[in-house]
Amino acid sequence: MRQIVLDTETTGLNPRTGDRVIEVGCVEIFNRKLTGNNYHCYINPERESDEGALAVHGLTTEFLSDKPKFHEIAHQLRDFIQGAQVIIHNAPFDLGFLNAEFTRMGLPPFVQYCDGVIDTLVQAKELHPGKRNSLDALCDRYDISNAHRKLHGALLDSELLADVYLAMTRGQNSLTMDVEEETTHDGEALEIVPLGEVIVVAASSDELAEHDTVLAGLDKSVKGSCVWRNYAA
(Lines give C-alpha, C1' and ligand atoms only; values in the text may rest on other atoms or scores of the structure.)
Protein backbone atom coordinates (compact mmCIF):
# COMPACT_ATOMS: atom_id res chain seq x y z
CA MET A 1 0.00 0.00 0.00
CA ARG A 2 1.26 3.47 -0.92
CA GLN A 3 0.60 6.15 1.67
CA ILE A 4 1.51 9.83 1.72
CA VAL A 5 1.94 11.74 4.98
CA LEU A 6 1.09 15.36 4.21
CA ASP A 7 1.28 18.70 5.98
CA THR A 8 0.80 22.32 4.91
CA GLU A 9 1.64 25.75 6.21
CA THR A 10 -0.71 28.63 5.46
CA THR A 11 -1.04 32.40 5.72
CA GLY A 12 -3.81 32.07 8.30
CA LEU A 13 -6.64 29.92 9.55
CA ASN A 14 -9.45 30.28 7.02
CA PRO A 15 -9.33 29.73 3.24
CA ARG A 16 -12.82 31.25 2.95
CA THR A 17 -11.42 34.65 3.94
CA GLY A 18 -8.59 34.47 1.42
CA ASP A 19 -5.87 32.66 3.35
CA ARG A 20 -3.59 30.58 1.13
CA VAL A 21 -1.21 27.62 1.23
CA ILE A 22 2.47 28.64 1.43
CA GLU A 23 4.20 25.28 1.94
CA VAL A 24 3.43 21.64 1.22
CA GLY A 25 5.43 18.68 2.51
CA CYS A 26 4.77 15.02 1.63
CA VAL A 27 6.52 11.88 2.88
CA GLU A 28 5.98 8.59 1.08
CA ILE A 29 5.38 5.30 2.91
CA PHE A 30 5.18 2.05 0.96
CA ASN A 31 4.23 -1.15 2.77
CA ARG A 32 4.88 0.62 6.11
CA LYS A 33 8.43 1.67 5.15
CA LEU A 34 9.70 5.19 4.52
CA THR A 35 10.95 5.31 0.93
CA GLY A 36 12.78 8.66 0.95
CA ASN A 37 10.73 9.68 -2.09
CA ASN A 38 9.34 12.91 -0.67
CA TYR A 39 7.78 16.05 -2.16
CA HIS A 40 8.29 19.56 -0.81
CA CYS A 41 7.73 23.07 -2.09
CA TYR A 42 7.32 26.64 -0.89
CA ILE A 43 4.59 28.70 -2.54
CA ASN A 44 4.08 32.41 -3.14
CA PRO A 45 0.60 33.11 -1.71
CA GLU A 46 0.40 36.60 -3.21
CA ARG A 47 -0.61 38.00 0.14
CA GLU A 48 0.80 38.61 3.63
CA SER A 49 0.68 36.04 6.42
CA ASP A 50 -1.23 36.84 9.59
CA GLU A 51 0.98 37.69 12.56
CA GLY A 52 -0.10 34.56 14.41
CA ALA A 53 0.63 32.30 11.45
CA LEU A 54 3.98 33.98 10.81
CA ALA A 55 4.99 33.33 14.42
CA VAL A 56 4.26 29.63 13.86
CA HIS A 57 6.05 29.00 10.56
CA GLY A 58 8.42 31.97 10.16
CA LEU A 59 7.98 32.11 6.36
CA THR A 60 8.14 35.80 5.50
CA THR A 61 6.62 37.50 2.48
CA GLU A 62 10.12 38.40 1.31
CA PHE A 63 11.25 34.76 1.45
CA LEU A 64 8.18 33.57 -0.46
CA SER A 65 8.18 36.34 -3.08
CA ASP A 66 10.25 34.43 -5.66
CA LYS A 67 8.61 31.03 -5.07
CA PRO A 68 6.16 29.49 -7.57
CA LYS A 69 2.46 30.24 -7.24
CA PHE A 70 0.09 27.40 -6.35
CA HIS A 71 -1.21 26.91 -9.89
CA GLU A 72 2.38 26.29 -11.00
CA ILE A 73 2.88 23.35 -8.63
CA ALA A 74 -0.67 21.96 -8.40
CA HIS A 75 -0.20 19.33 -11.09
CA GLN A 76 3.08 18.11 -9.54
CA LEU A 77 1.35 17.74 -6.17
CA ARG A 78 -1.65 16.02 -7.74
CA ASP A 79 0.58 13.54 -9.61
CA PHE A 80 2.57 12.79 -6.45
CA ILE A 81 -0.42 11.92 -4.27
CA GLN A 82 -2.57 10.42 -7.05
CA GLY A 83 -4.19 7.17 -5.89
CA ALA A 84 -2.38 7.10 -2.53
CA GLN A 85 -3.92 6.98 0.92
CA VAL A 86 -3.17 10.37 2.49
CA ILE A 87 -2.33 10.70 6.19
CA ILE A 88 -2.84 14.11 7.85
CA HIS A 89 -2.92 15.34 11.44
CA ASN A 90 -6.18 17.32 11.81
CA ALA A 91 -7.15 16.56 8.23
CA PRO A 92 -10.10 19.01 7.88
CA PHE A 93 -7.71 21.96 8.21
CA ASP A 94 -5.25 20.95 5.47
CA LEU A 95 -7.93 19.51 3.19
CA GLY A 96 -9.98 22.69 3.50
CA PHE A 97 -7.06 24.72 2.17
CA LEU A 98 -6.01 22.26 -0.54
CA ASN A 99 -9.58 21.79 -1.76
CA ALA A 100 -9.96 25.57 -1.95
CA GLU A 101 -6.73 25.93 -3.94
CA PHE A 102 -7.75 23.25 -6.45
CA THR A 103 -11.27 24.64 -6.75
CA ARG A 104 -9.83 28.09 -7.39
CA MET A 105 -8.07 26.61 -10.43
CA GLY A 106 -11.27 25.03 -11.73
CA LEU A 107 -10.08 21.51 -10.82
CA PRO A 108 -11.88 18.84 -8.80
CA PRO A 109 -11.22 19.14 -5.04
CA PHE A 110 -7.84 17.81 -3.89
CA VAL A 111 -9.43 15.00 -1.90
CA GLN A 112 -10.82 13.41 -5.08
CA TYR A 113 -7.29 12.45 -6.14
CA CYS A 114 -6.64 10.56 -2.87
CA ASP A 115 -7.47 6.93 -2.19
CA GLY A 116 -8.90 7.78 1.22
CA VAL A 117 -7.69 9.98 4.07
CA ILE A 118 -6.50 8.99 7.55
CA ASP A 119 -6.74 11.65 10.26
CA THR A 120 -4.10 10.83 12.88
CA LEU A 121 -5.65 13.32 15.32
CA VAL A 122 -8.86 11.26 15.30
CA GLN A 123 -6.82 8.06 15.72
CA ALA A 124 -4.84 9.54 18.61
CA LYS A 125 -7.99 10.71 20.42
CA GLU A 126 -9.42 7.20 20.16
CA LEU A 127 -6.21 5.63 21.46
CA HIS A 128 -5.50 8.26 24.15
CA PRO A 129 -8.82 9.80 25.23
CA GLY A 130 -8.56 12.82 27.49
CA LYS A 131 -4.85 13.37 26.76
CA ARG A 132 -3.01 15.97 24.69
CA ASN A 133 -2.70 14.72 21.13
CA SER A 134 -0.80 17.46 19.35
CA LEU A 135 2.11 16.36 17.16
CA ASP A 136 4.59 17.42 19.86
CA ALA A 137 2.66 15.48 22.52
CA LEU A 138 2.59 12.36 20.33
CA CYS A 139 6.32 12.65 19.65
CA ASP A 140 6.89 12.68 23.42
CA ARG A 141 4.51 9.75 23.93
CA TYR A 142 6.19 7.58 21.30
CA ASP A 143 9.79 8.66 22.09
CA ILE A 144 10.32 10.38 18.73
CA SER A 145 12.85 13.20 18.94
CA ASN A 146 11.56 16.58 17.83
CA ALA A 147 14.27 18.66 19.48
CA HIS A 148 15.17 20.17 16.10
CA ARG A 149 11.63 21.50 15.63
CA LYS A 150 11.90 25.19 16.52
CA LEU A 151 9.24 26.35 14.05
CA HIS A 152 6.53 24.48 12.17
CA GLY A 153 7.59 23.31 8.73
CA ALA A 154 5.50 21.21 6.35
CA LEU A 155 8.20 18.70 5.42
CA LEU A 156 9.64 18.40 8.93
CA ASP A 157 6.18 17.95 10.43
CA SER A 158 5.35 15.32 7.79
CA GLU A 159 8.53 13.41 8.65
CA LEU A 160 7.69 13.50 12.36
CA LEU A 161 4.08 12.50 11.71
CA ALA A 162 5.22 9.58 9.55
CA ASP A 163 7.26 8.25 12.48
CA VAL A 164 4.34 8.85 14.86
CA TYR A 165 1.86 7.10 12.56
CA LEU A 166 4.09 4.03 12.15
CA ALA A 167 4.62 3.86 15.93
CA MET A 168 0.96 4.44 16.71
CA THR A 169 -0.22 1.70 14.33
CA ARG A 170 2.56 -0.80 14.97
CA GLY A 171 1.20 -4.33 15.27
CA GLN A 172 -2.12 -3.66 13.58
CA ASN A 173 -1.16 -5.95 10.72
CA SER A 174 -0.56 -8.94 13.01
CA LEU A 175 -3.39 -9.05 15.52
CA THR A 176 -4.46 -12.64 14.83
CA MET A 177 -3.24 -15.59 16.90
CA ASP A 178 -3.47 -19.22 15.89
CA VAL A 179 -3.19 -21.29 19.08
CA GLU A 180 -3.35 -24.59 17.19
CA GLU A 181 -0.03 -24.04 15.43
CA GLU A 182 3.20 -24.83 17.23
CA THR A 183 5.61 -21.93 17.61
CA THR A 184 9.37 -22.34 17.70
CA HIS A 185 12.28 -20.67 19.44
CA ASP A 186 15.80 -21.29 18.16
CA GLY A 187 14.45 -24.11 16.05
CA GLU A 188 12.88 -26.01 18.94
CA ALA A 189 9.16 -26.68 19.12
CA LEU A 190 7.41 -25.13 22.11
CA GLU A 191 4.63 -26.78 24.01
CA ILE A 192 1.21 -25.33 23.33
CA VAL A 193 -0.48 -24.21 26.53
CA PRO A 194 -4.04 -22.91 26.98
CA LEU A 195 -4.60 -19.20 27.36
CA GLY A 196 -4.92 -18.03 30.94
CA GLU A 197 -8.36 -17.54 32.41
CA VAL A 198 -9.61 -14.02 32.93
CA ILE A 199 -9.81 -13.25 36.65
CA VAL A 200 -12.82 -11.15 37.63
CA VAL A 201 -12.80 -9.47 41.04
CA ALA A 202 -16.35 -8.50 42.04
CA ALA A 203 -17.02 -5.30 43.95
CA SER A 204 -17.83 -5.70 47.64
CA SER A 205 -21.17 -4.62 49.10
CA ASP A 206 -19.51 -1.56 50.67
CA GLU A 207 -17.98 -0.59 47.33
CA LEU A 208 -21.34 -1.00 45.59
CA ALA A 209 -23.01 1.17 48.20
CA GLU A 210 -20.37 3.88 47.82
CA HIS A 211 -20.78 3.71 44.04
CA ASP A 212 -24.53 4.14 44.38
CA THR A 213 -23.99 7.19 46.57
CA VAL A 214 -21.85 8.77 43.83
CA LEU A 215 -24.53 8.01 41.21
CA ALA A 216 -27.18 9.56 43.44
CA GLY A 217 -25.14 12.74 43.59
CA LEU A 218 -24.86 12.75 39.79
CA ASP A 219 -28.63 12.19 39.49
CA LYS A 220 -29.22 15.24 41.68
CA SER A 221 -26.85 17.43 39.67
CA VAL A 222 -28.54 16.57 36.34
CA LYS A 223 -32.02 16.60 37.88
CA GLY A 224 -32.79 13.17 36.51
CA SER A 225 -31.02 9.89 35.84
CA CYS A 226 -27.32 10.18 35.02
CA VAL A 227 -25.90 8.44 31.97
CA TRP A 228 -24.14 5.79 34.08
CA ARG A 229 -27.47 4.41 35.30
CA ASN A 230 -28.68 4.19 31.70
CA TYR A 231 -25.49 2.37 30.77
CA ALA A 232 -25.90 -0.11 33.62
CA ALA A 233 -29.51 -0.73 32.58
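Computed over heavy atoms, backbone and side chain alike; hydrogens, waters and symmetry mates excluded. Here, residue 1 is the first one in the sequence, and each next residue gets the next number.
Here the side chains of L59 and S49 are not in contact, with every heavy-atom distance at 4.5 Å or above. The side-chain heavy atoms of V27 and I87, taken from C-beta on, include no pair separated by under 4.5 Å. At least one side-chain heavy atom of T10 sits less than 4.5 Å from a side-chain heavy atom of F93. Side-chain contact between C139 and V164: present, with at least one pair of heavy atoms (C-beta onward) separated by less than 4.5 Å. Contact of the L135 side chain with the H152 side chain is not registered, since no non-hydrogen atoms from C-beta on lie closer than 4.5 Å. The shortest distance between side-chain heavy atoms of Y39 and I4 does not fall below 4.5 Å. Using a 4.5 Å cut-off on side-chain heavy atoms (C-beta onward), L34 and E159 make no contact. Residues L121 and I88 form no side-chain contact, since every pair of their non-hydrogen atoms from C-beta on lies 4.5 Å or further apart.
The environment of L13 atom CG is sparse: at most 12 non-hydrogen atoms of other residues, nucleotides or ligands sit within 6.0 angstrom.
Applying the ring-ring contact (aromatic ring centres under 6.0 Å, His included) test to H71 and every residue at least two apart in sequence or in another chain returns nothing. By the ring-ring contact (aromatic ring centres under 6.0 Å, His included) test, Y142 is found to be paired with H128, residues two or more places apart in sequence or in another chain being considered.
Nearest heavy-atom pair, G96 versus P15, reported as atom, atom and distance to 0.1 Å: O-CG, 3.8 Å. Contact record, D119 with N90: OD1-N, 3.0 Å, taken as the closest heavy-atom pair. Nearest heavy atom pair, residue N31 against residue M1, reads OD1-N, 2.6 Å. Summarising the geometry of H40 relative to L155, their closest heavy-atom pair is CD2-CB, 3.6 Å, with the distance given to 0.1 Å.
Atom OG1 in T11 sits 11.5 Å away from atom CD in E46 (nearest 0.5 Å). Rounding to the nearest 0.5 Å gives a distance of 7.0 Å between SG of C41 and CD of Q76. Atom CG in D136 sits 5.0 Å away from atom CG in N146 (nearest 0.5 Å). Between K131 atom NZ and L138 atom CG the span is 11.0 Å, to the nearest 0.5 Å. The structure places CD1 of I22 at 9.5 Å from CZ of F97, a figure rounded to the nearest 0.5 Å. Between the CZ atom in F70 and the CD1 atom in I43 there is a gap of 5.5 Å [rounded to 0.5 Å].
With hydrogens and angles ignored, the 3.5 Å screen pairs no side-chain donor or acceptor of N37 with any backbone N or O of E28. One N or O on the side chain of S158 and one on the backbone of G25 form a donor-acceptor pair closer than 3.5 Å. A donor-acceptor pair under 3.5 Å links the side-chain atoms of E23 to the main chain of A154, judged by distance alone. Not one N or O on the side chain of E126 forms a donor-acceptor pair closer than 3.5 Å with the backbone of Q123. The backbone N or O of G12 lies less than 3.5 Å from no partner atom in the side chain of N14, so there is not a single donor-acceptor pair. Using modelled atom types, one side-chain atom of R141 and one backbone atom of R132 make a donor-acceptor pair closer than 3.5 Å.
For the 3.5 Å distance criterion, the side chains of R32 and T169 qualify, holding a donor opposite an acceptor. In this structure, a donor-acceptor pair under 3.5 Å is absent between the side chains of R20 and N44.
With C26 as reference, L77 is the one residue of N38, L77, V5 to meet the side-chain contact (heavy atoms from CB on, under 4.5 Å) rule.
There is a path of hydrophobic side-chain contacts, each under 4.5 Å, that joins L127 to Y165. Put simply, L95 and L161 are part of two different groups of oily side chains (I, L, V, M, F, W, Y) that touch within less than 4.5 Å, one to the next. Cluster annotation: I81 is connected to V21 through the hydrophobic network of ILVMFWY side chains, with a link wherever side-chain heavy atoms come within less than 4.5 Å.
Figure legend: R2 and F80 shown as a cation-pi pair, the cationic atom lying under 6.0 angstrom from the six-membered ring centre and within 45 degrees of its axis.
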Donor-acceptor contacts, no H, no angles, side chain residues 103-116, under 3.5 Å, sequence neighbours left out:
| residue | atom | partner | partner atom | Å |
| --- | --- | --- | --- | --- |
| T103 | OG1 | N99 | O | 2.7 |
| R104 | NH1 | E101 | OE1 | 3.0 |

